[in-house]
Amino acid sequence: MKRIATVLAALILSATAYAGQAHPVSADDAHTALAQGAFVVDVRSAQAFAQGHLPQAASLPTNTAQLPLSELARLLSQAGVDSSRSIIVVGDAGQPQAQALWQRLAQVASGRVLWLVGGVQEWQMRGHALTTDASSRPPVPQFLTHFDAPSHASRMAGSKVRTSALLERDLPVQLASN
């Protein structure tokens, strides 16, 4: 009976604890998230970034999504981005590199990951200003790990929950913190 209760608790956590961590968002939603303290990472070229970017944005290389996890963690840390908090990924409208980074961060970051699908162009069209000011955040230590749960599962910041597929193989239920 105790085993069933433990399995049910783990299933409930895996199904409800992570309420939709990766979202495509509009410029207005991104503006709201930014006002609430979200971090912004921009994967456009250095030249495009220098011409204007979202406030407090950190410029990351366009190939960031393909980098090893340790290098991704180093770049986020160096840029002062805290992966346990909300992150907005931005590029040009529909830019594949921005989408790839959004998907990669959704797998390894414990905070919410948002993708401004319309990119910098939508940001400007909605009347939000760009800036050329550099962001000067101190480095933030990172601990990125893959979250192995079904895509429909939601997650809690700072936790890694075993999937129901693992539970079905009669493995002990474990909750491992990041």
Student: Taking only residues at least two apart or on different chains, which pairs with a member in residues 114-125 satisfy salt bridge (Lys or Arg N to Asp or Glu O under 4.0 Å)?
Tutor: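 Pairs touching residues 114-125 that pass the test: none.
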
Student: How about Phe39 and Gln56: do any of their side-chain heavy atoms sit closer than 4.5 Å?
Tutor: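 Sidechains of Gln56 and Phe39: no contact.
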
Student: CH2 of Trp115 to NE2 of His23: how many Å apart, nearest 0.5 Å?
Tutor: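 Reported to 0.5 Å precision, the distance equals 14.5 Å.
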
Student: Between the main-chain N or O of Leu54 and the side-chain N or O of Trp123, is there a donor-acceptor pair closer than 3.5 Å?
Tutor: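 Here the side-chain-to-backbone pair does not exist.
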
Student: Would you compute the distance between atom CZ of Phe49 and atom CG of Leu130 and round it to the nearest 0.5 angstrom?
Tutor: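 Those atoms lie 10.5 Å apart.
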
Student: Should Gln51 and Gln47 count as side-chain neighbours, where that means a heavy-atom distance under 4.5 Å?
Tutor: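 Side chain of Gln51 against side chain of Gln47, heavy atoms only: contact under 4.5 Å found.
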
Student: Quick test of your reading: applying salt bridge (Lys or Arg N to Asp or Glu O under 4.0 Å), list the pairs with at least one residue in residues 123-141, sequence neighbours left out, ordered by first then second residue.
Tutor: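 Listed by first then second residue: Asp28-Arg126.
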
Student: Just to verify, what does Arg74 make a salt bridge (Lys or Arg N to Asp or Glu O under 4.0 Å) with, not counting sequence neighbours?
Tutor: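 Scan of Arg74 (salt bridge (Lys or Arg N to Asp or Glu O under 4.0 Å), adjacent residues dropped) gives Glu71.
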
Student: Decide yes or no for Ser26 and Leu116: does some side-chain heavy atom of the first lie under 4.5 Å from some side-chain heavy atom of the second?
Tutor: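 No; the side chains remain at least 4.5 Å from each other.
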
Student: Group every Ile, Leu, Val, Met, Phe, Trp and Tyr by side-chain heavy-atom contacts under 4.5 Å, then state whether Val81 and Leu69 land in the same group.
Tutor: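 Looking at the clustering, Leu69 is in the same group as Val81.
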
Student: Which atom pair, heavy atoms only, marks the closest approach of Leu60 to Ala79?
Tutor: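 Distance-wise, the nearest heavy atoms are CD2-CB, 4.5 Å.
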
Student: Indicate the atoms forming the closest heavy-atom contact of Leu114 with Ala33, along with that distance.
Tutor: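 Residues Leu114 and Ala33, closest heavy atoms: CD1-CB, 3.7 Å.
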
Student: Is Leu67 close to Leu75 at the side-chain level, that is, under 4.5 Å between some pair of heavy atoms?
Tutor: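 SC-SC contact between Leu75 and Leu67 confirmed.
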
Student: Give the minimum heavy-atom separation between Pro61 and Val43, together with the two atoms involved.
Tutor: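 In this case the closest contact between Pro61 and Val43 is O-CG1, 4.1 Å.
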
Student: Could you tell me how the ring of His31 sits relative to the ring of His128: parallel (under 30°), tilted (30 to 60°) or perpendicular (over 60°)?
Tutor: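 His31 and His128: parallel rings.
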
Student: Can you find a pair of side-chain heavy atoms, one from Ile87 and one from Leu105, that are under 4.5 Å apart?
Tutor: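 They are in side-chain contact.
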
Student: Report the residues that fulfil side chain to side chain donor-acceptor pair (under 3.5 Å) with Gln97, sequence neighbours left out, ordered by chain and then residue number.
Tutor: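 For Gln97 the side chain to side chain donor-acceptor pair (under 3.5 Å) partners, ignoring immediate neighbours, are Gln95.
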
Student: So how far is it from Leu101 CG to Leu76 CG, rounded to the nearest 0.5 Å?
Tutor: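 Taking CG in Leu101 and CG in Leu76, the distance rounds to 7.5 Å.
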
Student: Please, which pairs that meet salt bridge (Lys or Arg N to Asp or Glu O under 4.0 Å) have at least one residue in residues 79-100, sequence neighbours excluded?
Tutor: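 Listed by first then second residue: nothing to list.
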
Student: Between Val90 and Val120, is any pair of side-chain heavy atoms under 4.5 Å apart?
Tutor: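 Yes; the side chains approach each other to less than 4.5 Å.
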
Student: Determine the minimum heavy-atom distance between Ala109 and Ser83, stating which atoms define it.
Tutor: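 Heavy atoms of Ala109 and Ser83 come nearest at CB-O, 3.5 Å.
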
Student: Do Leu34 and Pro55 have side-chain heavy atoms sitting under 4.5 Å apart?
Tutor: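 When only atoms from C-beta onward are counted, Pro55 and Leu34 do touch, with a gap below 4.5 Å.
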
Student: Can you list every salt bridge (Lys or Arg N to Asp or Glu O under 4.0 Å) pair that touches residues 35-59, not counting sequence neighbours?
Tutor: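 Listed once each, the pairs are Asp42-Arg44.
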
Student: State, to 0.1 Å, how close Ala98 and Gly91 come at their nearest heavy-atom pair, and which atoms those are.
Tutor: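 That closest heavy-atom pairing would be CB-N, 4.0 Å.
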
Student: Within a strict 4.5 Å, meaning less than it, do heavy atoms of the His53 and Thr131 side chains meet?
Tutor: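 Yes. Closest side-chain heavy atoms under 4.5 Å.
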
